K.L.:
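I'd like to ask some things about the structure below.
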2 protein chains.
Amino acid sequence: MAGCPAPRRGRPRSAAADRAILDATRTALVEVGWSKLTMGEVARRAGVAKTTLYRRWAAKSELVVDAVAVLFDELELPDGGSLRADIEGVVLSFAALLRRPEAKTALMAVLAESTTDEALRRRIRAAIVDRQKRLVLDGRARAQQRGELPPDSADPAETERVVDLIFDVIAGAVVHRSLVSDCPVDGAWAATFTTLLLEGLGSASAPR
Amino acid sequence: MAGCPAPRRGRPRSAAADRAILDATRTALVEVGWSKLTMGEVARRAGVAKTTLYRRWAAKSELVVDAVAVLFDELELPDGGSLRADIEGVVLSFAALLRRPEAKTALMAVLAESTTDEALRRRIRAAIVDRQKRLVLDGRARAQQRGELPPDSADPAETERVVDLIFDVIAGAVVHRSLVSDCPVDGAWAATFTTLLLEGLGSASAPR
DNA sequence: GAGTTACGCTACGGGGCGTAGCGGAATGGG
DNA sequence: CCCATTCCGCTACGCCCCGTAGCGTAACTC
């Protein structure tokens, strides 16, 4: 990807314009929503010409993916000292991210577009999804060091299946709770969810 | 709600037009996707005037909610004889629904719009989400009859929290796996997921 | 300086949006 | 039977956004 840091000849693209455009995209997204977000409006807010936008992004969806991708980089997983604490931590920090209007609106909108656009799906995975999955890998490695989880299976494919499964369960549950059921992901919910994830259905349905 | 089945005076609305419009919406959604779906195009395919559409639905998102709501009525939960079988069954049938292009495109698109539209959120919950949650209630009641799950807690609010949690975990995981990770939800995945849900993290990460 | 690339600006055809206004069709009430 | 009421199809309209083309200018490399 980054094979060309070599400065090509001619006038270079303005990095300031890039930042202004992405910032304007995020703020405009909060104020007007996805469907009323127009390229012209973004250009006006960013103080650049509309043509400059089209020279860099072919579609609104691609622009928005890049604009919100940085938000997902802010996700961190501080060591909570136990697997339970780490799971609750990642649940709460992901939920906090989804509480930001530009994050939830953008995420759902580009996912909707991606259902009929294979290239956009790849772009989303690279810019957003894979950056989240890294948190699962971190937490899992820590838990294995503590002895809370068994070490990796001999079969690396088996390991990847398990990691993917856990990722889909955690991220899926938080997204569904936040955006579909439209209920708050607070400490109490995170605790109950973590208990279910750690101990399974029988235990979670009986009050501790 | 249904306080007025009393036929008002004047010419009644055409039920045939309703069906034609909703059918046209679904087929058009598959062919052109959400962002290029226009009211005019739906009207043309349905063989009705564009004004007739606007007399019944104020926005594209509301039309699409109603158009796909019937798909979610098709979800059934045949008694599989065990809690495990019932969970795998609902996972697979929900995944099959999400494999239909009009279902996944419509679901994600209206959810995206709903992040900035409270009325639309309510409409989606009534038309789609609550109809899915009924499956969790059914499966849970069956498992309790079989003795696989403890009976309801004395506190009905506690019961509702548990049902909501299970619903968000199952539906969220299936949606995330299908539409975000973009991987197939097949029998093997359903089995692994069900094991995780029933027995918790420690058991699922170790091969059986 | 010469060549190359990016920028801002303007202008344009195309198309969807949502509404208004019309004549006509289908219903129920006097 | 006729009238009031409501819906329907059709046409037309102003508005806004799209995405591109063309121009002169600015920034950078060789």
Side-chain angles (χ1 to χ4, degrees), chain A residues 3-25 28-29 31-64 66-67 109-110 112-113 116-117 119-120, chain B residues 3-25 28-29 31-67 105 109-110 112-113 116-117 119-120:
Chain A
C4 290
R8 293 169 306 178
R9 301 192 310 174
R11 176 177 177 174
R13 287 194 171 173
S14 161
D18 266 335
R19 270 184 287 105
I21 291 171
L22 295 178
D23 287 348
T25 302
L29 199 53
E31 293 180 23
V32 306
W34 163 263
S35 63
K36 293 182 181 173
L37 181 72
T38 68
M39 299 291 262
E41 177 67 9
V42 172
R44 196 189 60 77
R45 288 169 180 252
V48 302
K50 199 173 57 166
T51 45
T52 301
L53 249 117
Y54 281 104
R55 287 192 190 102
R56 310 185 184 196
W57 291 278
K60 189 171 74 167
S61 50
E62 300 183 2
L63 167 62
V64 171
D66 289 356
V110 297
E113 289 296 309
T116 53
D117 185 338
L120 184 59
Chain B
C4 292
R8 292 170 305 178
R9 301 192 310 175
R11 177 176 176 174
R13 286 193 172 173
S14 161
D18 265 336
R19 269 184 288 105
I21 291 172
L22 295 177
D23 288 347
T25 302
L29 200 52
E31 292 180 23
V32 305
W34 162 263
S35 62
K36 293 182 181 173
L37 180 72
T38 67
M39 298 292 262
E41 176 68 10
V42 172
R44 196 189 59 77
R45 288 169 181 252
V48 302
K50 197 172 57 165
T51 45
T52 300
L53 250 103
Y54 280 104
R55 287 190 190 104
R56 309 185 184 196
W57 291 277
K60 190 172 75 167
S61 49
E62 301 183 1
L63 168 62
V64 171
V65 170
D66 290 356
T105 300
V110 297
E113 289 295 310
T116 54
D117 185 338
L120 183 60

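Every value quoted in this text rests on a predicted model; they were computed, and no experiment measured them. Letters A, B, ... mirror the listed sequences (proteins, then strands); counts begin at 1.
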K.L.:
Starting at atom CZ of A/Arg44, determine the distance to atom C1' of C/dG8, rounded to an integer number of angstrom.
P.N.:
16 Å
K.L.:
Could you tell me how far apart A/Glu62 (CD) and D/dG19 (P) are, to the nearest whole angstrom?
P.N.:
11 Å
K.L.:
Could you tell me whether a side-chain N or O of B/Thr52 sits under 3.5 Å from a main-chain N or O of B/Val48, the two making a donor and an acceptor?
P.N.:
no
K.L.:
Kindly point out which of D/dC18, C/dG21, C/dC17 is positioned nearest to the side chain of A/Lys50?
P.N.:
D/dC18
K.L.:
Write down the distance between CG (B/Leu53) and P (C/dG16), rounded to a whole number of angstrom.
P.N.:
14 Å
K.L.:
Are B/Arg45 and B/Glu31 close enough for a salt bridge, meaning some N to O gap below 4.0 Å?
P.N.:
yes
K.L.:
At less than 3.5 Å, do the side-chain atoms of A/Thr51 and the base atoms of C/dC9 form a donor-acceptor pair?
P.N.:
yes
K.L.:
Round to the nearest Å and state the distance from B/Tyr54 atom OH to D/dC7 atom P.
P.N.:
19 Å
K.L.:
Select from A/Lys60 and B/Ala17 the residue whose nearest nucleotide in DNA chain D is closer to the 5' end of that strand.
P.N.:
B/Ala17
K.L.:
A side-chain contact here means heavy atoms from C-beta on lying under 4.5 Å apart; do B/Leu63 and B/Met39 qualify?
P.N.:
yes
K.L.:
Quickly work out the B/Met39 CE to C/dT19 C1' distance and round it to whole Å.
P.N.:
13 Å
K.L.:
Without decimals, in angstroms, what is the distance between A/Leu63 CG and D/dG19 C1'?
P.N.:
15 Å
K.L.:
Both B/Gly10 and A/Gly10 contact DNA chain C. Taking the nearest nucleotide for each, which residue is further toward the 5' end?
P.N.:
A/Gly10
K.L.:
With heavy atoms under 4.0 Å as the rule, sort B/Ser14 into base, sugar-phosphate or nothing.
P.N.:
sugar-phosphate
K.L.:
Between atom CZ in B/Arg55 and atom C1' in C/dG18, what is the gap in whole Å?
P.N.:
13 Å
K.L.:
What I'd like to find out is whether the side chain of B/Trp34 reaches to under 4.5 Å of the side chain of B/Val64, using heavy atoms alone.
P.N.:
yes
K.L.:
Using side-chain heavy atoms (C-beta onward) and a distance below 4.5 Å, is A/Thr38 in contact with A/Val32?
P.N.:
no
K.L.:
Of all the nucleotides listed (D/dG9, D/dT20, D/dA4), which has the minimum atom distance to the side chain of B/Arg9?
P.N.:
D/dA4
K.L.:
Rounding to an integer number of Å, can you tell me how far A/Ile21 CD1 sits from C/dA6 P?
P.N.:
13 Å
K.L.:
Ignoring hydrogens and angles, answer whether the base of C/dG3 and the side-chain atoms of A/Arg11 contain a donor-acceptor pair closer than 3.5 Å.
P.N.:
no
K.L.:
If you only use heavy atoms from C-beta on, which nucleotide in C/dC9, C/dC17, D/dA27 is closest to the side chain of A/Pro12?
P.N.:
D/dA27
